[in-house]
Amino acid sequence: MATRPATLPPKVITLDDYIPVIGAAEIEEMRSLARRLEGRTVKMVNSTAVGGGVAEILNRLVPLMQDVGVPTRWDVITGGEDFFEVTKGFHNALHGAPYEVRWEAFDIFKAYQVQNRQQMSFEEDFIVIHDPQPIGLIEARGNGSRAHWVWRCHIDVSKPNPLVWNFLLQYLKRYEAMIISSPSFTRPLPISQYLFFPSIDPLAPKNQELSEEFTRETLERFSIDPKRPILTQVSRFDRLKDPLGVIRAYKLVRKYSDCQLVLAGGGAKDDPEGVQVLAEVQEAAANDPDIHVLDLPPWSAPEINALQCASTIIIQKSLQEGFGLTVTEGLWKKKPVVASAVGGIPLQVIHKLTGMLVHSVEGTAYQIRYLLSNPEIARRLGENGHEHVKENFLVTRNLKRYLLLFLLLSGAPA
Amino acid sequence: MRQAKEPFQFMAASTLTRICGVQVTTIAELLEQLRRISADSVFNHTFQSLSVHHYLTEGFSNDFAQWVLAASNVPDLAERLAALDIRQYETLEALRGDLVATLEEFLRAEPQRAYQKAFEPFYFCEAVTVTVPTEWRAHNLGEFCEALRHISVHTLHYHFVTARLRGPSTNDFSAWLEHSLELAELADRIEHIDIYTNTLEGVRQRILEESRRWLEA
């Protein structure tokens with residue numbers, strides 16, 4: 001039996017570990033940029049040390065900043081349940097979800113900002129505050145302070161609840177710059193806004209190269225036939241990911257082409273709606289042994305990786321999407337991707353160049369049939385998609401973006 | 001081996017994207033904003049965009065053409081915008097002028113398409129470029145080839161594609177080969193390598209092939 005890849009990297013990853021992935025020249029360029037920041041220090045602040053995308057990003061980014069020679073400290077704010085309940089409400093309200101304003105929420109938010117400001121020091125040259133939870137720390141920025149303050153917004157604030165947005169704007173206006181994940185996620189502001197795409201780590205268990213043996217055994221474990229085409233959508237069981245639409249598209253494809261469908265996701269047990277969606281998906285798949293519905297536990301990164309690697313086509317037929325990092329993962333694995341033109345997906349899938357953008361069940365089915373019938377075009381899309389990710393959506397690219405931003409803020413000549 | 005009068009210093013050019021906060025959804029709006037946006041934005045959606053998509057050889061020329069094709073579904077205008085060869089321009093204002101003229105001409109002929117809503121908006125952004133010297137310097141053609149094998153595609157793009165915007169009427173490599181190494185014929189052959197039908201990796205290989213031929217002669 002093949003050894004299951006470790007869920008955690010066996011050692012602290014250094015920038016040089018990425019040389020086989022992005023090349024020595026790119027690494028050397030980053031080191032050259034970092035040398036120009038010699039003597040400067042950075043602080044990153046967010047609201048949680050584990051769990052969630054931001055902690056995952058910082059967990060890899062901070063050691064790489066250290067490795068490149070820019071001392072970087074990562075601090076996490078504290079707060080009671082009342083604070084995190086308020087910030088969860090703010091988070092949803094910024095996404096445009098209905099939010100019933102309780103005026104004491106703003107007082108609770110302010111009180112914890114003061115408490116955290118008093119507990120922390122801000123001696124560094126660059127302070128990067130992640131997401132709304134710690135945004136009020138900006139009030140620690142004194143007059144004549146040499147520090148450059150940046151707000152890194154990981155969420156879509158293009159259609160926010162106006163009350164919450166205006167409340168946060170009083171803090172946001174005091175920052176020197178803001179970082180956002182897509183031009184469509186933001187709105188006009190009186191400060192400079194820089195584009196940093198979300199990123200994946202090519203050395204993480206979900207993306208690292210796997211042995212053929214492990215991939216084969218994973219397919220065997222889930223009774224998937226490696227000899228027939230495999231269509232895969234990796235997503236939690238959520239209506240916005242439209243798993244039932246994927247099954248309908250698959251059924252249209254099956255009229256013309258033999259193939260199997262894998263719907264792999266997780267987290268359904270923690271989410272009442274997820275349980276219901278999973279049940280509906282299982283019912284829709286019940287009479288077809290070629291539809292594999294896999295509710296995987298959270299530690300399944302290597303299995304997800306294996307399923308993506310073994311797939312003929314990756315599907316992401318979401319009705320709404322954030323950035324869509326499962327698309328990034330599929331593209332990185334050189335797979336042809338058929339995905340809805342929603343959220344951040346069009347930034348990744350350039351229609352007919354790095355994948356196929358679709359707008360309906362019928363369109364999804366048609367593009368899958370087209371790619372199954374034209375494997376050379378599918379291969380070329382996959383190759384282009386891989387290069388597109390390498391150029392834009394790897395953690396190393398984000399490291400470079402931070403170095404560039406710090407150089408610009410400190411007045412480096414452009 | 002012939003030594004250069006001046007060494008060639010390879011520069012690393014890295015770019016950050018700044019969001020302008022301007023978006024358009026029709027071709028008429030695109031035209032209006034193209035007249036006003038900063039030169040850094042014109043650069044971002046043409047020169048920089050070609051660098052970011054350096055691995056593509058077909059169907060991609062600049063962001064405006066791509067948006068007109070994919071989001072507005074106007075292939076005839078997209079073709080005309082894509083046909084503008086950025087290496088023909090010594091200033092961004094001249095490039096802006098031709099982009100604007102192409103859109104104006106199209107809308108004069110087909111005014112009914114001016115306000116057709118695109119499937120998704122076009123977001124204007126600006127490129128902010130920082131350059132730092134790399135460890136690579138060439139004093140002769142052999143060292144030039146050695147360095148060329150190692151530099152990143154973005155360094156190649158900086159010297160080969162955007163050079164004209166900084167002064168010389170050719171790319172940096174050809175200018176150095178002609179003036180510092182007095183290899184005018186090689187300079188000319190390199191100048192004629194097509195950036196639109198080659199990936200930047202392909203361009204690198206073509207320059208190396210031409211240079212090697214010269215070294216072996």
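Here is the naming used below: chain letters follow the sequence lines, and residue numbers restart at 1 for every chain. On a predicted model such as this, the values are computed, not experimentally measured, just so you know.
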From Q193(A) CD over to R18(B) CZ, what is the distance, rounded to the nearest 0.5 angstrom?
-> 11.0 Å

Region of L189(A) in contact with chain B, defined by heavy-atom distances below 4.5 Å = neither

In terms of heavy-atom proximity below 4.5 Å to chain B, should E28(A) be classed as side chain, backbone, both, or neither?
-> side chain

Proximity breakdown for E135(B) and chain A, heavy-atom pairs closer than 4.5 Å | side chain

Hey, which of E26(A), H388(A), R401(A) has the most heavy atom pairs under 4.5 Å with chain B?
-> H388(A)

Does the separation of the ring centres of F173(B) and F144(B) fall below 6.0 angstrom?
-> yes

Option that, when pairs with chain B are counted at under 4.5 Å, heavy atom only, ranks first among H359(A), M178(A), M30(A) | H359(A)

When the ring planes of Y402(A) and F196(A) are compared, do they come out parallel, tilted or perpendicular, using 30° and 60° as the limits?
-> perpendicular

Using the ring of Y158(B) (Phe, Tyr or Trp, six-membered ring only), decide whether R166(B) places NZ or CZ under 6.0 Å from its centre and within 45 degrees of its axis.
-> yes

Identify which part of E120(B) has an atom lying under 4.5 Å from any heavy atom of chain A, answering side chain, backbone, both or neither.
-> side chain

Under 4.5 Å from any heavy atom of chain B - which part of T354(A) = side chain

Heaviest contributor of heavy-atom pairs below 4.5 Å to chain A, chosen from T134(B), V52(B), I151(B), is V52(B)

Hey, is the main chain of G245(A) close enough, under 3.5 Å, to the side chain of D242(A) for a donor-acceptor pair?
-> yes

So, for H148(A) and F406(A), is the gap between ring centers shorter than 6.0 Å?
-> no

Turns out that what part of F124(B) lies under 4.5 Å from chain A's heavy atoms comes down to neither

Segment of R397(A) engaging chain B (4.5 angstrom heavy-atom cut-off) = side chain

Which answer fits T15(B), side chain, backbone, both or neither, if we ask what part of it has an atom under 4.5 Å from a heavy atom of chain A?
-> backbone

At a heavy-atom separation under 4.5 Å, does A341(A) approach chain B through its side chain, its backbone, both, or neither?
-> both

Non-hydrogen side-chain atoms of I191(A) and K173(A) separated by less than 4.5 Å | no

Of the backbone (N, CA, C, O) and the side chain (C-beta and beyond), which part of R35(A) lies under 4.5 Å from a heavy atom of chain B, both, or neither?
-> neither

Look up atom CG in L81(B) and atom CG in L69(B), then write down how far apart they are to the nearest 0.5 Å.
-> 10.5 Å

Are any non-hydrogen side-chain atoms of H154(B) and E391(A) less than 4.5 angstrom apart?
-> yes

In terms of heavy-atom pairs under 4.5 Å with chain B, which of A177(A), S184(A), S192(A), S32(A) leads?
-> S184(A)

